[in-house]
Amino acid sequence: MTGLRTDQVSAGRSFADGGADPVLVLGGGLIGLAIAHQLARRGESVQVLSRRRNEAAGFVAAGMLAPHAEGLEGAMLALGQRSLALLPQWVGQIEADSGLPCGLLRSGIVVPFATSAEREAYPTAALGEPLDRAELEAEIPGIGAGFGCGLLFAQDGQIDNRRQLMRALERACVERGVAFAEGTEVLELLSDSERVLRGVRLIGADGLVRSLPCRRAVLACGAWSASLLPGLPVVPIKGQMLSLQGPRRALRRVLFGPGTYLVPREDGLLVVGATSEPEAGFATGLTPRGQQQLEAGLTALLPEAASWPPMERWWGFRPGTPDRAPLLGPSPINGLWLATGHYRNGVLLAAITSHWLAALMGSQRGGAELGERSRSGGLTAADAALLASFHWDRFASPAEIAQGSTRHT
Ligand code: GLY
């Protein structure tokens, strides 16, 4: 490899200050920051490279913590439950390091149904508490007349990702010494003929193209992840949202309806989500159709809320994979790790993703060759078994993903 210069990528603390074998986090969204924070807590020197952090799905999502209410199944349900169990401890670390609240609320989530037959067919029906119409009205005062019964998932909840968690995590990272290089676009990954990571080529906020050596990096670019590994099966799934200002405590529970959900924050803000538009690709902006869909869903779920004043309307891009499950763990390039493809569950899964990735990357400290053991190094046997369901190689061969995606040095 030629022409490597580390001295110029120095928005924030430079690696020169931070000890040997630093880690690059590619992507400054929720997943990237969560991993950076956990790595820094383990004493690693970490730098986050991000292009435009304000596009991150972590700023867009509604923050539902809903493995049961969203009806996840199989390994995805197990992963969601594992992360849900870890969340209080994870949030506690962020709040302790940042001194800021994250807005975690064990509010419970209600899923309404038109008929009891629909309710019984729900994948996680056995894990919720059945509600008849009267009980549904008691849980969700003012619920639309079209819903005859429901399921209460008291174990699920929400977190105020957009206004609190993201800001607290930024603060926690800074307090733990993570360096940031916002406005930096990674152009390509640099690897040697043995497919070992050697660095990245990037363009900085100053417009200069340069190379930065590294032996460990994590790809956490969300919907944009395939731009660095073109064979990676990650595509954008656009979602539009809106928020309304309602009376405080008009709604205690999150309401997860068909096609639309309502997430009440403690201050009365009601977040309404979300469209799902795979055909939109990376098309930016609101559409009348998308906003009408949200408003129709809102009216059906909670008619009185249709008159509450709208506060914000926004959109973003979920990172989707063919099986709607994330890509976690090693990649076809030794030293490059994957933490992407979280689709509808990035907020829920940030806790377990960051816990696992920090352990895995920590076990490769010193640039150790990635052997079978370090594919799951530092994880319990149960976690390693669960992680195996989310390896990238369930989709493609190393050649398909690595070919043409990295420059050999
Ligand atoms: N988890 C909800 C959504 O992605 O819309």
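Keep in mind it's a predicted model, so treat the numbers as computed, not measured. Both counts, for ligands and for their atoms, begin at 1 and track the order of listing.
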>> Under 4.0 Å from a heavy atom of A274: which atoms of ligand 1 are those, numbered in the order shown and with their elements?
In response: 5 (O)
>> Are the side chains of L136 and F113 in contact, using a 4.5 Å heavy-atom criterion?
In response: no
> What are the atoms of ligand 1, with element, lying closer than 4.0 Å to any heavy atom of M64?
Replying inline: 2 (C)
>> Evaluate W224 against F282 for ring-ring contact (aromatic ring centres under 6.0 Å, His included), listing each step before the verdict.
In response: CA-CA 9 Å; W224 294 268; F282 279 115; 5.2 Å; yes
> Side chain of Q158, backbone of S107: donor and acceptor closer than 3.5 Å?
Replying inline: no
>> Between N161 (side chain only) and A61 (backbone N and O only), is there a donor and an acceptor less than 3.5 Å apart?
In response: yes
> So which protein heavy atom does atom 3 (C) of ligand 1 come closest to, and at what separation?
Replying inline: Y261 OH, 3.2 Å
> Would you say R344 has any N or O atom under 3.5 Å from an N or O of ligand 1, going by distance alone?
Replying inline: yes
> Within a reach of under 6.0 Å around CD of E175, are more than 12 heavy atoms found that belong to other residues, nucleotides or ligands?
Replying inline: yes
> Where the closest heavy atom to atom 4 (O) of ligand 1 is concerned, which of E70, R318, Q240, M241 has it?
Replying inline: R318
